[in-house]
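Notes follow once the structure below has been shown.
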Number of protein chains: 2
Amino acid sequence: MPATEGETRLPTTGATDDPVPGDAGPAADGVPGDTARRAVTLRDVARRAGVHPSTASRVLSDSRPVRPELARAVRQAARELDYQVNQIGRALRRQESGTVGMVVPEIDNPFFPEMVQAIDRALHRQGLGLFLCDANNDPELEADRLRVLLRRQVDGVIISPVHRERSAEAIRSAAREVVVVQVDRSVDAHTDVVAVDQGQAIGLLIDHVTSLGRRRIAFITCDDSVSTAAERLAAYRARMAGDRDALGRVYAGDLSLRWGGEAVRTMMAAPTPLPDALICANDLIALGAMQRLRWAGVRVPDDIAVTGIDDTPFGRVCEPELTTVRQPVDQIGDEAVAMLRRRQHDPGLAPRRLTLSPELIIRRSTTTGGIHAPS
Amino acid sequence: MPATEGETRLPTTGATDDPVPGDAGPAADGVPGDTARRAVTLRDVARRAGVHPSTASRVLSDSRPVRPELARAVRQAARELDYQVNQIGRALRRQESGTVGMVVPEIDNPFFPEMVQAIDRALHRQGLGLFLCDANNDPELEADRLRVLLRRQVDGVIISPVHRERSAEAIRSAAREVVVVQVDRSVDAHTDVVAVDQGQAIGLLIDHVTSLGRRRIAFITCDDSVSTAAERLAAYRARMAGDRDALGRVYAGDLSLRWGGEAVRTMMAAPTPLPDALICANDLIALGAMQRLRWAGVRVPDDIAVTGIDDTPFGRVCEPELTTVRQPVDQIGDEAVAMLRRRQHDPGLAPRRLTLSPELIIRRSTTTGGIHAPS
DNA sequence: CAGTCGCGGGCATTCGATTGCCCAATTGAA
DNA sequence: TTCAATTGGGCAATCGAATGCCCGCGACTG
């Protein structure tokens, strides 16, 4: 178990289970209707305001003009009763829920929380809610989550597919019922896509390490099942093939910390000379790889320059800090939501693919020249 | 801007926006009803099976026995039409949605994705969906998210409150309408709570560093607004007061990487002697702190032992690997969901507080004796 | 053999909000 | 002054599924 190497565990056992102090039991609570109080409905508001429910509805969702004094009465009644629309009722009638579903492949990869936050903010600005699901890197689970979302009548789905092929069917089927936007990763389906130019990302990185005089450039990535990784790999291959001095080598696994370490171990065990630059398909791999290099006494960047992709916060606190490429998450979020809305209003539009540009961020894992410890 | 010290950015500009190849336009798609096909309803199934909708309903949600041949016909019709229950309709009638809402304070803190995954798994086992929201560390936003969840008729809410006091009102108000379980963090409200014994966590850490001969033990934490941090601080204070040899010092900020670095900078600038152990209120702080120590040429653990809390994966790939305390996220998830269900079935139950035990994980940030680089 | 019971299917109502339609009242125009 | 147009409120149907109630039929019992 490589993950626990060099660590010791001191377990402590036992759990306590207390009644909450100051709460003597079920009936001892002085607050009446503490649980399960029937909610206030539109009818209640209407009755109190002395109007018909339809009038109340029109005031509160102002769908049609209502005489000012009645409107005021309704609004006041709503305030007094603390009326909250029942979104379920509204959704049933309107056939839309004001909610967008999102499926991410792995919420524990720090890139995705960042993207989720960006999308959440963008949706919130539009008054839309977000129903977030994690596919746990499993296309089956992903399909299941999509199904759940559709049954809940989400108005749209934003998804970053787990698998380039095995996710396709579920996404196509979802796209038949609802607006779908793919973000970052994508499969071949008739949906809008907001992507990042992965070829450019790899280009920036290879240009950078090449400009530092590195020629033996290895690439640690996951297998081709992830669309972005496939694009990165293709770009890497094209680039390396175009430079006859350069020497490439690819290690394909997954996008985890663990694999970064594993790949380096394999690499070091091989009889071939070590590369002088290591392009990693994301920051996690890079972090795992750097740890293993450290263990092996290989110096970064002196012996090997290392780069990541995603610009997660952890690339800024490792030793040395990680050169990486930033994917513009905020822009991805804004554009994805914009596309979703556009298409909701006009479902006939042709699907579009928007490709955004990444940004190279140079830190000490590739250059020794930088500032080290600022005062 | 401390976060970008020692880094250079090479921006690239431009974005491309292409029509998806192979899709000539709105009407060019051969698939009929590619978008917005009316969904199959229970009536459709019933009609096809030649029965009344109520019968179909009884078969599909088997709420009452139906003659086998009819049942078979209904099931087949459902299969043929690919019928999916409309959860909105069901929710309206049943007055429950089969969905649990969850609000986390900061999804970009890697502890929370782990807990979310655990809870998601536990809910999934019960056939329940999860509606996840991020409060972005803002009690106002948190209250807003709670309101959204309630309007969507979630059957329960699992929340880890942002603020010990400022989150309380919203949580109490939510608890009046729906079952609420607080996890990890908590506020004073009449709800079930699944917590981790933070006093024990601090105890384990202080015992550990004390056993290594350290006596000048500083504590970097966030302010008291986070309940768990407040408990940790109280435990730290009690512990330090009980040992007259020990020398304490507290740095209060927030739970971020950034604050870890900031606190160390403050610490180093002070005229007082450096501590020989640094207890950090979570792994993020510890990572930030270790980086700053490294910049300052302070050796970990030789000069200062450093510990975190949460056992996030990043504590395993930093240099040196981080001694920490693991919160039992899986157990938290299981228990939280169990409590939720119990209380849904019996709303009269007295609120309970379950306190789980953390586990000490010793790594090289406190001990030099461990294995370094395994072959 | 009459009476009772249970089974199972269908009818119609309900959940809460929205909206098409009708109609009364008011306004405006000719 | 008369008629048309506009405004605005109410009625009732609707979204999709679930369910209380009734009823017919067959089985069983005394």
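On a predicted model such as this, the values are computed, not experimentally measured, just so you know. Every chain is numbered from 1, with letters handed out A, B, ... down the list of sequences. Every heavy atom of this structure was used, including side-chain atoms; hydrogens, water molecules and symmetry mates were not.
Checking Ile107(A), Ile159(A), Leu149(A) one by one against Cys133(A), the side chain to side chain contact (heavy atoms under 4.5 Å, CB included) holds for a single residue, Leu149(A). Of the options Ile158(A), Val194(A), Val193(A), a side chain to side chain contact (heavy atoms under 4.5 Å, CB included) to Gln182(A) is made by Val193(A) and by none of the others.
Among the heavy atoms of the strands lying under 4.0 Å from Thr41(A) are primed sugar atoms or P, OP1, OP2 only; no base atom is included. Ser54(A) comes within 4.0 angstrom of a base, heavy atoms only. Nucleic acid contact for Ile88(A): none, since no nucleic acid atom lies under 4.0 Å from a heavy atom of the residue. If you check every strand for non-hydrogen atoms under 4.0 Å, Leu42(A) touches a base.
Summarising the geometry, the separation between CZ on Arg58(A) and C1' on dG10(D) is reported as 8 Å, rounded to the nearest angstrom. In this entry the distance linking CG of Asp44(B) with P of dA17(D) reads 9 Å, nearest Å. Between Leu60(B) atom CG and dA17(D) atom C1' there is a gap of 11 Å when expressed in whole angstrom units. Here dT14(D) presents its C1' atom at 11 Å from CZ of Arg43(B), a figure rounded to the nearest Å. The separation between His52(B) atom NE2 and dT19(D) atom C1' is 12 Å, rounded to whole Å. What separates CZ of Arg64(B) from C1' of dA17(D) is a distance of 16 Å, to the nearest Å.
Atom CZ of Arg166(A) is surrounded by 12 or fewer heavy atoms from other residues, nucleotides or ligands within 6.0 Å. Within 6.0 Å of CD in Glu140(B) there are 12 or fewer heavy atoms belonging to other residues, nucleotides or ligands.
Taking 3.5 Å as the limit, the base of dA17(D) and the side chain of Arg90(B) contain no donor-acceptor pair of atoms between them. No N or O donor and acceptor, one from the side chain of Arg94(B) and one from the base of dG16(D), sit under 3.5 Å apart.
With a cutoff of under 4.0 Å to any heavy atom of chain B, the contacted region of DNA chain C is bounded 5' to 3' by dG8(C) to dG16(C).
Considering only heavy atoms from C-beta on, Val85(A) stays 4.5 Å or farther from Leu60(A) through its side chain. Between Ser61(B) and Arg90(B) there is a side-chain heavy-atom pair separated by less than 4.5 Å.
Comparing Gln95(B) and Arg67(B) along DNA chain C, the residue whose closest nucleotide (by nearest heavy atom) sits nearer the 5' end is Arg67(B). Comparing Pro68(B) and Pro53(A) along DNA chain C, the residue whose closest nucleotide (by nearest heavy atom) sits nearer the 5' end is Pro68(B).
Regarding contacts with the backbone of dG16(D), every side-chain N or O of Gln87(B) stays at 4.0 angstrom or more from both OP1 and OP2.
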List the steps and the verdict of side chain to side chain donor-acceptor pair (under 3.5 Å) for Thr99(A) and Arg152(B).
-> CA-CA 10 Å; Thr99(A) 309; Arg152(B) 309 246 179 228; 2.8 Å; yes

